[in-house]
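Everything numeric in this text was worked out from a predicted model, so none of it was measured. Residue numbering restarts at 1 for every chain, and letters A, B, ... go by the order of the sequence lines.
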There are 2 protein chains.
Amino acid sequence: MEDNKKNNFKSIIDKLRSSGLRPTRQRLLICKVLFGENKDFHFTAEDLDKIIKNNNEAKISLATIYNTLHSLKKCGYLNEVSISGNKTYFDTNTTSHHHFFDEANNSLTDISENEVEIKKIPIAPKGKKIKTAQVLIRLENDNHNQN
Amino acid sequence: MEDNKKNNFKSIIDKLRSSGLRPTRQRLLICKVLFGENKDFHFTAEDLDKIIKNNNEAKISLATIYNTLHSLKKCGYLNEVSISGNKTYFDTNTTSHHHFFDEANNSLTDISENEVEIKKIPIAPKGKKIKTAQVLIRLENDNHNQN
DNA sequence: CTGATTGCAAATGCTTTGCATACAA
DNA sequence: TTGTATGCAAAGCATTTGCAATCAG
C-alpha cells in the first residue's frame, strides 16, 4: 500500500515529465491529492484549494491551482465536466462514462459505461463525427418512496 | 401567418397571466423574440440582449432580461442547458430531448426524443428518483469523410 | 392606491492575467 | 544561466442584488 503510493508518486513524476510538465512541489502535491487515492472524484478548483488547505500541507495559490488543473486537463489526466451552471468541475475519471446529477445537493456521481446502453443514436451531421455520447441522469428527492 | 403571430401574441399574454406574470412591455418583447418564430433555439442572456438591441425596439436592461429568463424558466416556458462551461444557455424547447454539441464551434442542436433510445439505465440511489435522462452527443469535425 | 416590475449601478463569485520573484534543469 | 512556474493582486466576465423610480391592475 505504501509501496503503491510510492509507485504512484514516481509514476506521476514520470507522467508529468513525459508531458513536458516540470514536477514542481505544487504540481506533485496536487497530483498526490487527485491521484493518490485511487477512487475517481469530481471537484472544483476551490474544492481542491480547500482540501489542500485542510491537509495543511504548504499552501498553493489559487492561480497555480487553476494553472495546474488546466495543464493536467490538456495532458489528458483530467476531464472537464459542464453540468451545474456556473462552476467548472473536473473529473479524475477520464474514461468515457455517464453521470448522475443530484439536483437536491448539486452533486455529481459517476455511472460506469456498462450500466447504460444506448440502443438507437442519430447519425452525425455532414462533415461531423460523433466523439462521445454521454448520458446525464438528473435526480431529485423521492419523497413518496424513501426506500 | 400574421394571424398566427397575433394569436401567439395573445396566447403569450394569457400564458403570462395564467402564470401570475404581468404582461409588461419588456416581458412581451422578450416573449415575442423567443416564441414569435416557431423554431426552437438556444441562447444566452447576452445573446438575447443583442438580438433586442439589433431589432432596436426599445432597450431592456440586462437585469430585467435575467429576471425574465428566470421567471420564464420557473413557469416552464424555458429550459436551462448546462453544457459549455461558464455561460448559462437557455432553450426554448422545453420538451424532453437530447443534444448534439459541436465542439468545433460551440454550438448546440436539438435531437428529438425519438431519435435516441436508451435500453439500459441504472436505478436511482436510495431516496432519489430519476427526473430526466438526457443524452449529449459531442461532435467533432470529420476530416476523413466530409460526405 | 399598492404591490409587482424595472433599471441602474454596485456587488459578487469564479476565473484569468500581468508581472516580479523563485525554481528546475 | 535560462526559460518555466509560482504567487499575489488586479482585472475580467457573467450573473445577482439593493433600492429608488415606474408601471399594471
Side-chain angles (χ1 to χ4, degrees), chain A residues 9-10 12-33 42-53 57-75 77-78 80-90 106 108, chain B residues 9-10 12-33 42-53 57-75 77-78 80-90 106 108:
Chain A
F9 206 72
K10 192 166 187 330
I12 283 167
I13 294 185
D14 292 342
K15 268 188 188 170
L16 288 176
R17 279 231 172 76
S18 71
S19 305
L21 296 177
R22 291 181 179 173
T24 62
R25 176 181 74 74
Q26 291 83 343
R27 287 176 178 160
L28 287 174
L29 206 168
I30 288 172
C31 290
K32 204 174 87 187
V33 171
H42 305 92
F43 60 96
T44 65
E46 212 168 338
D47 292 339
L48 181 54
D49 191 49
K50 275 180 197 149
I51 293 172
I52 288 173
K53 274 200 178 64
E57 329 206 28
K59 286 170 193 177
I60 300 180
S61 114
L62 240 195
T64 299
I65 288 183
Y66 276 103
N67 281 341
T68 302
L69 291 178
H70 287 135
S71 301
L72 292 175
K73 181 192 163 194
K74 201 168 294 169
C75 297
Y77 303 130
L78 287 177
E80 197 178 324
V81 189
S82 300
I83 278 159
S84 67
N86 18 12
K87 284 187 186 181
T88 301
Y89 282 80
F90 291 90
N106 266 41
L108 197 64
Chain B
F9 205 73
K10 191 165 186 333
I12 283 167
I13 293 184
D14 292 340
K15 267 187 189 170
L16 288 175
R17 279 229 173 79
S18 72
S19 305
L21 297 176
R22 291 181 181 177
T24 63
R25 178 182 73 74
Q26 291 84 344
R27 286 176 178 160
L28 287 173
L29 207 168
I30 289 172
C31 289
K32 204 174 86 188
V33 171
H42 305 92
F43 60 95
T44 65
E46 213 168 337
D47 291 339
L48 180 55
D49 190 50
K50 274 180 198 149
I51 292 172
I52 288 173
K53 273 199 178 66
E57 331 207 27
K59 287 168 192 176
I60 300 180
S61 113
L62 241 195
T64 299
I65 288 183
Y66 277 103
N67 280 341
T68 302
L69 291 178
H70 288 134
S71 302
L72 293 175
K73 182 192 163 193
K74 201 169 295 170
C75 297
Y77 302 131
L78 286 178
E80 196 177 325
V81 188
S82 300
I83 279 159
S84 66
N86 17 14
K87 284 187 184 180
T88 300
Y89 283 80
F90 290 90
N106 266 41
L108 198 62

Taking [atom1] from [X] and [atom2] from [N], how many angstroms apart are they, rounded to a whole number?
{"X": "A/L29", "N": "C/dC23", "atom1": "CG", "atom2": "P", "result": "16 Å"}
{"X": "B/K50", "N": "D/dC13", "atom1": "NZ", "atom2": "P", "result": "12 Å"}
{"X": "A/D49", "N": "C/dG13", "atom1": "CG", "atom2": "C1'", "result": "14 Å"}
{"X": "B/K74", "N": "C/dT5", "atom1": "NZ", "atom2": "P", "result": "11 Å"}
{"X": "B/F43", "N": "D/dT15", "atom1": "CZ", "atom2": "C1'", "result": "15 Å"}
{"X": "B/I60", "N": "C/dC8", "atom1": "CD1", "atom2": "P", "result": "12 Å"}
{"X": "B/I65", "N": "C/dC8", "atom1": "CD1", "atom2": "P", "result": "11 Å"}
{"X": "B/L69", "N": "C/dT5", "atom1": "CG", "atom2": "C1'", "result": "15 Å"}

Check whether any side-chain N or O of A/D49 sits under 3.5 Å from a backbone N or O of A/E46 as a donor-acceptor pair, and report yes or no.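 Such a contact is absent between A/D49 side chain and A/E46 backbone.
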
Given 3.5 Å as the limit, does a donor-acceptor pair link the side chain of B/R27 with the main chain of B/R22, or not? yes

Roughly how far, to the nearest 0.5 Å, is the [atom2] atom of [Y] from the [atom1] atom of [X]?
{"X": "A/C31", "Y": "A/I13", "atom1": "SG", "atom2": "CD1", "value": "10.0 Å"}
{"X": "B/L21", "Y": "B/I12", "atom1": "CG", "atom2": "CD1", "value": "12.5 Å"}
{"X": "A/I65", "Y": "A/H70", "atom1": "CD1", "atom2": "NE2", "value": "12.0 Å"}
{"X": "B/K15", "Y": "B/C75", "atom1": "NZ", "atom2": "SG", "value": "11.0 Å"}

I want to verify a distance call: between D/dT6, D/dA5, C/dT6, whose nearest atom is closest to the A/T64 side chain?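 Minimum distance to the A/T64 side chain belongs to D/dT6.
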
Between the protein and nucleotides 15-17 of chain C, which nitrogen or oxygen pairs come in under 3.5 angstrom?
{"residue": "C/dT15", "atom": "OP1", "partner": "A/T88", "partner atom": "N", "Å": "2.8"}
{"residue": "C/dT15", "atom": "OP1", "partner": "A/T88", "partner atom": "OG1", "Å": "2.9"}
{"residue": "C/dT15", "atom": "OP2", "partner": "A/Y66", "partner atom": "OH", "Å": "2.4"}
{"residue": "C/dT15", "atom": "O5'", "partner": "A/Y66", "partner atom": "OH", "Å": "3.1"}

Is any side-chain heavy atom of A/F43 less than 4.5 Å from a side-chain heavy atom of A/L78?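 They are in side-chain contact.
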
Are OP1 or OP2 of D/dG7 and a side-chain N or O of A/Q26 less than 4.0 angstrom apart?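 So the side chain of A/Q26 is within the cut-off, an N or O lying under 4.0 Å from OP1 or OP2 of D/dG7.
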
Side-chain H-bond candidate by donor/acceptor type, B/N67 with B/T64, under 3.5 Å: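 Their side chains do not contain a donor-acceptor pair, so the 3.5 Å distance test is not met.
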
Holding to side chain to side chain donor-acceptor pair (under 3.5 Å), I want the full list of residues that pass it with A/Y77, two or more places apart in sequence or in another chain. A/S19

Tabulate protein N/O versus nucleotide N/O from nucleotides 21-25 of chain D, keeping only pairs under 3.5 Å, one per line.
{"residue": "D/dA24", "atom": "N3", "partner": "B/R22", "partner atom": "NH1", "Å": "3.4"}
{"residue": "D/dG25", "atom": "OP1", "partner": "B/R17", "partner atom": "NH2", "Å": "3.1"}

